[in-house]
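What follows is a single structure, and I will ask about it in a moment.
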2 protein chains.
Amino acid sequence: MSETELSQPEADSQQLDEDDRLKPEFVRAVLDAVEEGDSEAARALVEPLHPADIADLFELTPHEERAALAKAITDLLDADVFAEMNDYVREDLIDALEPHQVADIASELDTDDAVAIIEDMEEDDQRAVLRALDPDDRAAIEEALSYPEESAGRLMQRELIAVPEHWTVGDAIDYLRGHEELTTDFWEIYVVDPAHKPVGTCQLSWILRTPRGVAISDVMKREQTLIPVDMDQEEVALRFQKYALISAAVVDSGGRLVGMITVDDVVHIISEEAGEDILRLSGAGEGDINEPIRLTVRTRFVWLVINLGTALLAASVVGLFEAEIAKFALLAALMGIVSGMGGNAGTQTLAVVVRALATNQLTSSNTTRMITREFMIALANGMLLGLLIGCGTGLIYGNLSLGIVFGLSILINNLVAGLSGVLIPVGLERAGVDPAVSSAVFVTMMTDCMGFFTFLGLAMLWGLSA
Amino acid sequence: MSETELSQPEADSQQLDEDDRLKPEFVRAVLDAVEEGDSEAARALVEPLHPADIADLFELTPHEERAALAKAITDLLDADVFAEMNDYVREDLIDALEPHQVADIASELDTDDAVAIIEDMEEDDQRAVLRALDPDDRAAIEEALSYPEESAGRLMQRELIAVPEHWTVGDAIDYLRGHEELTTDFWEIYVVDPAHKPVGTCQLSWILRTPRGVAISDVMKREQTLIPVDMDQEEVALRFQKYALISAAVVDSGGRLVGMITVDDVVHIISEEAGEDILRLSGAGEGDINEPIRLTVRTRFVWLVINLGTALLAASVVGLFEAEIAKFALLAALMGIVSGMGGNAGTQTLAVVVRALATNQLTSSNTTRMITREFMIALANGMLLGLLIGCGTGLIYGNLSLGIVFGLSILINNLVAGLSGVLIPVGLERAGVDPAVSSAVFVTMMTDCMGFFTFLGLAMLWGLSA
């Protein structure tokens, strides 16, 4: 094969669309081969794919055809493919495998990927897999499992390069060349003191650019970003992002080097954490499209019932003014505009505040500034919209009083929206509650109830009528 | 200084809170020193900080105090600090600097960071800065600026290591040791043919683990993920994420190596792109809390006016049934529950679909499956909620007909929500429109209008009354 054929964009252009996703024709061709029992043809199609694309193939294959596909291409299903797979799809497949098969796959993986596969299994299956592993692998995985879920301890790999500080660059190179068993995938090496505490980090490029005789301690960078082993993975991701890290040493409570986290393990966490706020704010749970439908229905139902409570409260506010509405039914048509516009303005503020909180951009140093900022925005937009809507309504219906009441309610509800859009998530965050999960209910409750109450209340006080 | 004092978590614990953000007391102390004209004290406080934290300090400082702070700590304001800074805050500061000062900073940076600073300047200032640069730097930056905004060409750096394929590992090491002028920050080297087309990539760890005499072409990986220079940065980020890349070669339309993108430049794009959907869906624009308030008001106002259109349409649907409402005002109180519950269900579906589209998880291979899935979820939740609400209302108001009409409308509007929540964003994506920006308006329009129409329409047909 010539080299150009091997560079990826060319080689995969038959299978991948412009988004790097498998083309439907290709998926269909593989599944057709599987259905016809032609494993040979299926394997021939799948073999050239990158492990990430084989993982995708399973995600794009309907649930009920996955087992047959796995059977047809078993020998291509290596550890890398499992490491890349969506959790639910992986569970699906793992359930269909024997413990010793899972153990074979796990033993090929770095600790972090092996843990990712094993941590979601039922306890019995987990024990069976652990028993089938080498004592070394088993000890490493058991230790990783002893750290809390979603902590640095689960995320780290124990395979890393650590060297003593008295070594020279040449010593380090000889060590790396002379020891077959060392890991081959690393981007930095860690320099440790005799107690195995990290004292510096050295990029491989610095080693390569330095003569053999120079001491490692003169090449390394002493300022390091260390990750405590019990740190939450979201904080780990933010720290990688903030300090533009490629890899980082993980230390135990005694400050000893116990593992390493590399940026490629963190990238998908950054993406997930950044993307999950939108799903939480809308009550869609984790929003994984591979989640069993039963779980999705349950998560969303709970959210809808909670929102039903809010809706009932808002309805009861409207109920207070039934007499007014019976006299002047136009109010019923217009009141939804007041609550709806408030809801939209509240959602805008909420989205900005929830993102700023999640990225640690909104801290106690600038909370007051943020509240003032949102109040000013709400005031500006409330006045603009109030004027627009008030004048419009006044003219169209030839009813000045209606215009004034309507415009004024829009302004007031915009202020309610802006203030609750920032105060509610900030208050929840301070109280230790995830603002992305619960803010929307409270903000909508405020804008709905206050919207109806202000508009209908003012209409009653003003004695509005047709 | 002892080594432990130098490892970051310890050294910064006085200045940073548990989220790695500067403590308000610290920010206050710095600004107090600036205000009192004590630049010495301000510099002493700021000096130990990481460039990313100095950048944060400016973000946390109120707009009107930033210039004074910059003046007090000018000598600490190096290129790294500017590279880490929020765009709006950077523009603020850059505006206050002379072109030759900006040129000094830009010449210290890698091409990608220099471009990020210069691309946002006014054209006149840009020209002045470019004139003040070295011819080499100038040519590199001008070429980068010739690529479209947010493309790989803007994101890449031109500083990289490329070696011919006939070299040995030893040749490469000697080259790296012997050339002072080469970049020191790289994670992989690229192997190129005589036409400067990449034929392979070599991780530095592989080079370090291989004897000097081995040919580079036997160590390198031939399968590479190449990035076309005109690729959109969002696609670049997804490609890095999917294939767990640390760095990647950028090639021009002729396939020649022109630059390199490293993962640390992509991490913030991954985070931004994942986070921006929530802001777009809610009409908050880019939602940057450092954006000038005037721009924020404008972006949000436009969105609110568009939503006003939707609200007016929904109000006109209600208007059709004013006679019914005047007869039976309870309908006005309850109709908001039908539209609101539909709106919530629609938002759930929408959030999931927009995320799945943004991450390329929803493709033409599984669209039908996704539509079926959402329909099933909407049917399940619609029936559950319809039954719950229908029975509840029937019992509370002792009005069986009202219960049936109410429950049935809830079911129907849930189906409308589920289907429009998936069909609208998928349709917009196919039409080349960003579904995150425009879906919410259409989905809300559907759930509001259909909610009111179904409930009030059924009530009229059924002849409901108090």
Side-chain angles (χ1 to χ4, degrees), chain A residues 3 6-9 19 21 24 27 52 60 176 186 199 204-205 208-209 222 224-226 241-242 244 263-264 267 270-271 274-275 277-279 282 284 287 289 297 300-301 307 311 315 318-319 322 325-326 329 332-333 337 340 344 347-348 351-352 355-356 360 363-366 377 380-381, chain B residues 3 6-9 19 21 24 27 52 60 176 186 199 204-205 208-209 222 224-226 241-242 244 263-264 267 270-271 274-275 277-279 282 284 287 289 297 300-301 307 311 315 318-319 322 325-326 329 332-333 337 340 344 347-348 351-352 355-356 360 363-366 377 380-381:
Chain A
E3 281 108 18
L6 276 155
S7 75
Q8 196 174 334
D19 287 336
R21 299 292 295 199
V27 176
L60 295 175
L176 290 170
F186 54 97
V199 295
L204 300 188
S205 56
L208 280 169
R209 300 219 44 201
R222 286 181 188 270
Q224 308 174 70
T225 303
L226 301 176
Q241 200 179 335
K242 176 168 180 183
V263 68
D264 52 310
V267 160
I270 293 175
S271 165
D277 283 343
I278 188 181
L279 299 163
S282 59
I289 64 170
V297 168
R300 295 203 201 166
F301 182 71
N307 276 277
V318 177
E322 266 180 40
I325 292 171
I337 298 179
N344 283 318
T347 307
Q348 290 179 328
V352 172
R355 270 310 284 158
N360 288 342
T363 72
S364 39
S365 311
N366 56 358
I377 296 171
N381 274 337
Chain B
E3 282 107 19
L6 275 157
S7 74
Q8 196 172 334
D19 286 337
R21 300 292 295 197
V27 177
L60 295 175
L176 290 172
F186 54 97
V199 295
L204 300 189
S205 57
L208 280 169
R209 300 219 42 202
R222 283 180 189 271
Q224 309 173 70
T225 304
L226 301 176
Q241 201 180 333
K242 176 168 181 184
V263 67
D264 53 310
V267 160
I270 292 176
S271 165
D277 282 344
I278 189 181
L279 299 163
S282 57
I289 63 170
V297 168
R300 296 203 200 167
F301 181 71
N307 275 276
V318 176
E322 266 180 39
I325 292 172
I337 298 179
N344 283 318
T347 307
Q348 290 179 328
V352 172
R355 269 310 284 157
N360 288 342
T363 71
S364 39
S365 309
N366 57 357
I377 295 171
N381 275 336

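Here is how names work: the chains are called A, B, and so on, in the same order as the sequence lines, proteins then strands, and each is numbered from 1. Not measured: the values here are computed from a predicted model.
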Check: How close do A:Ala333 and B:Gly319 get, heavy atom to heavy atom, and via which atoms?
Finding: CB-N, 4.1 Å
Note to self: Under a 4.5 Å cutoff for heavy-atom pairs, which residue among B:Ala329, B:Ala332, B:Ala311 has the most contacts with chain A?
What the structure shows: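 The candidate making the most pairs under 4.5 Å is B:Ala329.
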Next item on the list: Please flag which part of B:Ala356 lies under 4.5 Å from any non-hydrogen atom of chain A: side chain, backbone, both or neither.
Entry: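 It is the side chain, since no backbone atom gets that close.
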Next item on the list: Can you see which heavy atom on A:Val352 is nearest to which on B:Ala284, and at what distance?
Entry: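 The pair with the smallest heavy-atom distance is CG2-CB, 3.6 Å.
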Check: Out of curiosity, B:Asp277 CG to A:Asp277 CG, how far, rounded to the nearest 0.5 Å?
Finding: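 So the gap between those two atoms works out to 12.0 Å.
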Note to self: Which atoms of B:Arg300 are under 4.5 Å from chain A, going by heavy atoms: the side chain, the backbone, both sets, or neither?
What the structure shows: both
Check: Does any heavy atom of chain B fall under 4.5 Å from the side chain of A:Thr363, the backbone, both, or neither of them?
Finding: side chain
Note to self: Measuring from atom CZ of A:Arg355 to atom OG of B:Ser271, what distance do you get when rounded to the nearest 0.5 angstrom?
What the structure shows: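 Spacing of CZ (A:Arg355) from OG (B:Ser271) equals 5.0 Å.
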Notebook entry, point to check: Do B:Ile289 and A:Asn366 come within less than 4.5 Å of each other through their side chains, counting heavy atoms only?
Noted result: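 Contact flag for B:Ile289/A:Asn366 side chains = yes.
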Notebook entry, point to check: What distance do A:Ile325 atom CD1 and B:Ile325 atom CD1 have between them, rounded to the nearest 0.5 Å?
Noted result: 8.0 Å
Next item on the list: Quick one: which of A:Val318, A:Ile278, A:Ile337 has the most heavy-atom pairs under 4.5 Å with chain B, could you say?
Entry: A:Ile278
Notebook entry, point to check: Does any heavy atom of chain B fall under 4.5 Å from the side chain of A:Val27, the backbone, both, or neither of them?
Noted result: side chain
Checklist line | Under 4.5 Å from a heavy atom of chain B, the part of A:Arg209 involved | finding: both
Next item on the list: Could you tell me the separation between the OG atom of B:Ser365 and the CG atom of A:Leu60, rounded to the nearest 0.5 Å?
Entry: 5.0 Å
Notebook entry, point to check: Where does B:Ser364 contact chain A at under 4.5 Å (heavy atoms): side chain, backbone, both or neither?
Noted result: both
Check: What residue, out of A:Asn360, A:Leu279, A:Ile377, A:Thr347, has the most heavy-atom pairs lying under 4.5 Å from chain B?
Finding: A:Asn360
Notebook entry, point to check: Rounded to the nearest 0.5 Å, how far apart are CG of B:Asn344 and CG of A:Asn307?
Noted result: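 It is 4.0 Å, given to the nearest 0.5 Å.
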Check: Of the listed residues (A:Asn381, A:Val297, A:Leu204), which shares the most heavy-atom pairs with chain B below a 4.5 Å separation?
Finding: A:Asn381
Notebook entry, point to check: If you round to the nearest 0.5 Å, how far is CZ of B:Phe301 from CD of A:Gln348?
Noted result: 11.5 Å
Next item on the list: List the steps and the verdict of side-chain contact (heavy atoms from CB on, under 4.5 Å) for A:Val263 and B:Asp264.
Entry: CA-CA 8 Å; A:Val263 68; B:Asp264 53 310; over 6 Å; no
Note to self: Quick check on the interface: out of A:Ala326, A:Ala315, A:Ser205, A:Ala52, who has the most heavy-atom pairs with chain B under 4.5 Å?
What the structure shows: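 It is A:Ser205.
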Next item on the list: Heavy atoms only: give me the nearest B:Gln241-A:Val267 pair and the separation to one decimal.
Entry: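 The pair with the smallest heavy-atom distance is CG-CG1, 3.4 Å.
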